[in-house]
Amino acid sequence: MPIPPQLSPEQRAAALAKSTRARQVRAQVKAKVKNGDLDIAAVFSLAQSDESISKMRVIELLESITGLGKVRAQALMERLTISPTRRVGGLGALQRSALLAQFSIPSIDSRLGRLVVLSGPGGVGKSSVARVLRTRDEFWVSVSATTRQPRTNEVDGFDYYFYTDEEFDRAVKNDLFLEWAAFAGARYGTPRTPVLEARKQGKNVLLEIDIEGAKQVKAKEPEALLVFLQPPSWEELVARLEGRGTDSAERRSARLELAQEELAQAHYFDESLINDQVESVVEHLISLATS
Ligand code: 5GP
């Protein structure tokens with residue numbers, strides 16, 4: 001074992017003073033971030049010239065951002081593949097720019113309409129919310145493509161674009177989807193171009209998609225607002241899924257199992273709304289998109 005260097009009393013005092021100062025600097029930075037006096041871009045730039053800030057753990061910095069909290073900060077680090085022990089000075093260029101995009105106020109894109117992703121467990125009532133939003137001027141609701149069979153009353157081009165497996169494969173190959181995911185034995189995808197066109201016209205766009213798809217959107221469009229729709233209770237969700245006459249028994253039980261896993265993903269989302277009344281969820285989404 002290497003023998004630790006013998007420090008003189010003066011050197012020991014200097015080392016102690018240095019670490020005390022480093023702790024004080026980090027505490028000050030965190031307090032300023034919390035108050036909104038410093039944003040993370042400013043912290044990154046200070047870290048270039050101050051070793052104490054450079055050595056601050058990324059998780060500590062994120063946790064000091066008001067409204068983020070421990071759980072969301074951890075989820076964000078996971079999503080951006082930043083190791084839990086990473087320090088500010090050790091962030092890679094891609095990780096730094098992903099973090100900046102996450103918190104920056106959009107500049108060039110500010111003329112674009114907002115991208116709001118509504119997700120949550122199957123059966124929670126997302127499609128009822130989306131149906132009402134289609135009648136409102138504040139949102140343009142994206143129409144997804146799917147390989148599942150149409151249900152009675154569903155109209156091709158309005159509820160979904162119903163694709164064959166081959167059509168879906170081709171769309172994936174040609175990169176026509178903003179995101180796509182497999183769900184309960186079928187595939188679903190968001191056509192990319194109509195979403196961008198609507199946003200360019202300044203329209204707020206709503207995607208009503210599953211959780212896997214929501215995560216993909218956030219990775220590609222960090223400014224997207226992810227909203228998780230919660231059932232009023234687990235019992236209510238079970239009742240809704242069991243009551244669905246349109247699904248086979250096998251599909252219903254697969255959905256219940258999946259719903260349990262899906263509910264555990266709420267922490268990935270920016271906002272969480274309880275679907276006790278469709279109208280109040282609709283109003284809440286409108287205020288989130290227009291505020
Ligand atoms: P359903 O078959 O009941 O209409 O929808 C099943 C699930 O697929 C729902 O959770 C719905 O939100 C999701 N979904 C619908 N469209 C899309 C899409 O374009 N992408 C993804 N990832 N999920 C979708």
Side-chain angles (χ1 to χ4, degrees), residues 115-134 139-165 167-172 174-196 198-199 205-221 224-231 237-238 240-266 268-269 272-273 275 278 281 285:
L115 182 56
V116 179
V117 181
L118 180 65
S119 201
V124 76
K126 289 167 290 183
S127 53
S128 308
V129 172
R131 205 173 305 126
V132 176
L133 277 173
R134 282 169 177 229
F139 271 104
W140 178 83
V141 180
S142 162
V143 179
S144 298
T146 182
T147 57
R148 86 148 159 72
Q149 291 300 306
R151 299 189 181 121
T152 6
N153 298 333
E154 280 185 331
V155 176
D156 191 17
F158 181 78
D159 297 286
Y160 281 105
Y161 295 105
F162 293 100
Y163 278 18
T164 61
D165 271 323
E167 285 171 330
F168 203 96
D169 284 343
R170 215 174 308 133
V172 171
N174 294 329
D175 198 23
L176 300 186
F177 292 134
L178 174 59
E179 61 72 40
W180 72 271
F183 184 94
R187 285 181 293 168
Y188 298 79
T190 303
R192 183 197 300 281
T193 313
V195 169
L196 185 60
R199 293 186 69 201
V205 170
L206 183 92
L207 309 184
E208 182 255 287
I209 64 177
D210 85 328
I211 293 167
E212 189 45 48
K215 289 184 189 170
Q216 289 178 38
V217 173
K218 191 74 172 180
K220 287 184 195 158
E221 312 266 350
L225 182 73
L226 260 51
V227 180
F228 191 85
L229 198 58
Q230 301 261 13
L237 185 65
V238 173
R240 286 184 196 177
L241 283 171
E242 302 266 305
R244 258 192 190 174
T246 48
D247 286 345
S248 67
E250 199 180 303
R251 195 169 161 92
R252 274 203 300 275
S253 91
R255 287 193 150 202
L256 270 180
E257 205 172 301
L258 191 65
Q260 252 168 333
E261 289 166 25
E262 289 174 322
L263 280 171
Q265 312 269 329
Y268 272 104
F269 286 71
S272 191
L273 301 178
N275 188 16
V278 172
V281 174
L285 284 171

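For ligands, and for the atoms within them, numbers begin at 1 and follow the listed sequence.
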Contacts of F269 that satisfy ring pair (Phe, Tyr, Trp, His ring centres under 6.0 Å) - sequence neighbours left out: F228
Those atoms of ligand 1 less than 4.0 Å from some heavy atom in K126: 9 (C), 10 (O), 11 (C), 12 (O)
Polar side-chain atom of K218 near backbone of A224 as donor-acceptor pair, under 3.5 Å: yes
Close approach, Y160 and ligand 1, non-hydrogen under 4.0 angstrom: yes
Side-chain donor or acceptor of E261 paired with backbone N/O of L258 under 3.5 Å: no
Region of E212 that comes within reach of ligand 1 [heavy atoms, distance under 4.0 Å]: neither
Option with minimal heavy-atom separation from atom 13 (C) of ligand 1, where the choices are L258, V217, V124, D210: D210
Any N or O of R255 closer than 3.5 Å to N or O of ligand 1: yes
Q216 (side chain) donor-acceptor with L178 (main chain) under 3.5 angstrom: no
Proximal atoms of ligand 1 relative to R151 (non-hydrogen, under 4.0 Å): 1 (P), 2 (O), 3 (O), 4 (O)
Any N/O pair G122/ligand 1 closer than 3.5 Å: no
Sidechain-backbone polar pair: T147 side chain, D165 backbone, donor-acceptor under 3.5 Å: no
Structural part of E154 in contact with ligand 1, heavy atom criterion under 4.0 angstrom: neither
Flag, side chain of R240 to backbone of V124, donor-acceptor distance under 3.5 Å: yes
Residue part near ligand 1, for Y188, under 4.0 Å between non-hydrogen atoms: both
Geometric class of the F168/F177 ring pair [parallel <30°, tilted 30-60°, perpendicular >60°]: tilted
Partners passing ring pair (Phe, Tyr, Trp, His ring centres under 6.0 Å) against Y160 (at least two apart in sequence or in another chain): F162, Y188
Options S144, P121, A130, ranked by nearest heavy atom to atom 19 (O) of ligand 1, top entry: S144
Which of the ligand 1 atoms, numbered from 1, are nearer than 4.0 Å to a heavy atom of R148: 1 (P), 2 (O), 4 (O)
